[in-house]
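Structure record follows, encoded as structure tokens.
Just so we're clear, the structure is a prediction, and the values are computed from it rather than from any experiment.
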Amino acid sequence: MAPISFQLYSARNAPPGTDVLKTLADVGYTNVETYRPNYEDAEGFRKALDAAGLTARSGHFDLALAEENFARVVELCRILGIETVVIPYLLPEVRPQDAAGWREIGQRLAELSAECADEGLRLAWHNHDFEFLALADGSYPIEHILTEGVLWEADLAWIARAGADPAEWLERYGARLVSVHVKDIAPAGENLDEDGWADVGTGTVDWATLWPIAVQAGASLMIAEHDKPSDFARFARVSADKMRELAAANA
């Protein structure tokens with residue numbers, strides 16, 4: 001069974017002094033996914049992970065850092081025990097506008113993937129919605145991103161927000177799937193203070209259908225995420241309960 005994991009970006013607004021890792025461990029998470037602030041004192045963060053009984057098998061790293069200082073990315077992975085380097089995002093101002101530009105991004109990722117493989121690591125791309133919006137030639141950015149050797153961390157709620165069918169894309173690229181962000185979308189007009197996102201199992205994403213497709217495709221991590229929870233601890237608890245229910249139903 002894939003570990004119940006948590007993207008630490010979801011806890012960035014936790015109240016000062018909150019022991020985020022202990023809170024996560026107490027409600028049943030066994031793994032976390034790291035992001036930029038966790039690398040400021042990597043050695044200290046590793047000690048905190050160990051104290052909480054948590055692992056960090058994947059981490060988000062900026063594309064610029066991975067390309068310009070790959071040695072540092074490898075060093076951080078060694079310290080924290082990260083196995084999968086995930087490139088999570090491109091700012092709007094640097095996103096290509098045509099297929100040729102996205103093919104170049106795919107080639108850069110393929111080169112990074114080869115470098116990662118030489119270090120015993122895997123490289124994956126984490127999607128948002130823009131990768132599933134058609135380009136002028138009818139192709140989609142995700143088709144150019146997932147080149148040979150590039151794995152996929154699927155954020156299925158962002159696919160739904162793009163107006164696409166997450167199940168169809170899972171079926172198409174299941175062989176590239178390494179992990180899934182388990183996220184939910186509130187019904188229209190609800191949770192506006194949380195940018196329309198919801199705790200896992202309380203929204204409109206059909207996780208009863210999508211979870212088994214993802215696991216059967218080979219997702220090794222199922223990672224709870226909420227881009228703007230009003231209460232991090234509530235989101236963590238409710239989502240962990242639902243994820244355990246989904247995992248048990250598909251064991």
* Apply the test side-chain contact (heavy atoms from CB on, under 4.5 Å) to residues Ile79 and Phe45: give CA-CA distance (whole Å), side-chain angles for both, the deciding distance (0.1 Å), then the verdict. => CA-CA 9 Å; Ile79 293 169; Phe45 188 69; over 6 Å; no

* Pair His181-Glu33, side-chain hydrogen bond (donor to acceptor under 3.5 Å, both in side chains): steps then yes or no -> CA-CA 10 Å; His181 272 205; Glu33 184 169 67; 2.7 Å; yes

* To do: Evaluate salt bridge (Lys or Arg N to Asp or Glu O under 4.0 Å) for Arg108 paired with Glu111, printing each intermediate quantity in order.
  => CA-CA 5 Å; Arg108 288 161 61 186; Glu111 292 169 3; over 6 Å; no

* Run the side-chain contact (heavy atoms from CB on, under 4.5 Å) check on Phe232 and Thr23 step by step: do they pass? -> CA-CA 10 Å; Phe232 134 74; Thr23 299; 3.9 Å; yes

* Test Thr147 against Gln107 for side-chain contact (heavy atoms from CB on, under 4.5 Å), laying out the working first. => CA-CA 7 Å; Thr147 52; Gln107 181 57 40; over 6 Å; no

* Could you go step by step and tell me if Asn191 and Trp197 meet the side-chain hydrogen bond (donor to acceptor under 3.5 Å, both in side chains) rule? -> CA-CA 7 Å; Asn191 293 11; Trp197 301 111; over 6 Å; no

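Salt bridge annotation for Lys22-Asp26: present, with a cationic side-chain nitrogen under 4.0 angstrom from a carboxylate oxygen. A salt bridge does not link Lys228 to Glu194: none of the charged nitrogens lies less than 4.0 Å from a carboxylate oxygen.
Both Phe6 and Val215 are members of a single hydrophobic cluster when ILVMFWY side chains are connected at heavy-atom separations under 4.5 Å. If you chain together hydrophobic residues whose side chains sit under 4.5 Å apart, Leu80 and Leu123 fall into the same group.
Contact check for Cys77 versus Glu119: no side-chain heavy atoms found under the 4.5 Å cut-off. At a threshold of 4.5 Å between non-hydrogen side-chain atoms, the residues Val182 and Ser239 do not count as touching. Looking at heavy atoms from C-beta onward, Arg234 lies in side-chain contact with Val238 at the 4.5 angstrom threshold. The shortest side-chain heavy-atom distance between Phe235 and Asp184 does not fall under the 4.5 Å cut-off. Between Leu8 and Leu24, some side-chain heavy-atom pair lies under the 4.5 Å cut-off.
Evaluated for a side-chain contact (heavy atoms from CB on, under 4.5 Å) with Val32, the options Ile223, Leu49, Thr55, Asn38 yield exactly one hit, Leu49. No option in Phe132, Tyr173, Trp169 other than Trp169 meets the ring-ring contact (aromatic ring centres under 6.0 Å, His included) test with Tyr140.
Using modelled atom types and a 3.5 Å distance limit, the side chains of Tyr39 and Thr34 yield a donor-acceptor pair. Between the side chains of Trp102 and Gln97, no donor-acceptor pair of N or O atoms lies under 3.5 Å.
Remark: aromatic rings of Tyr35 and Phe61 are distant, center separation not under 6.0 Å.
Between His126 and His60, the ring planes lie tilted relative to each other; the angle falls in the 30° to 60° range.
From Glu171, atom CD reaches atom CD of Glu168 across 9.0 Å, with rounding to the nearest 0.5 Å.
Tyr9 carries Arg12 over the face of its six-membered ring, with the cationic atom under 6.0 Å from the centre and within 45° of the normal.
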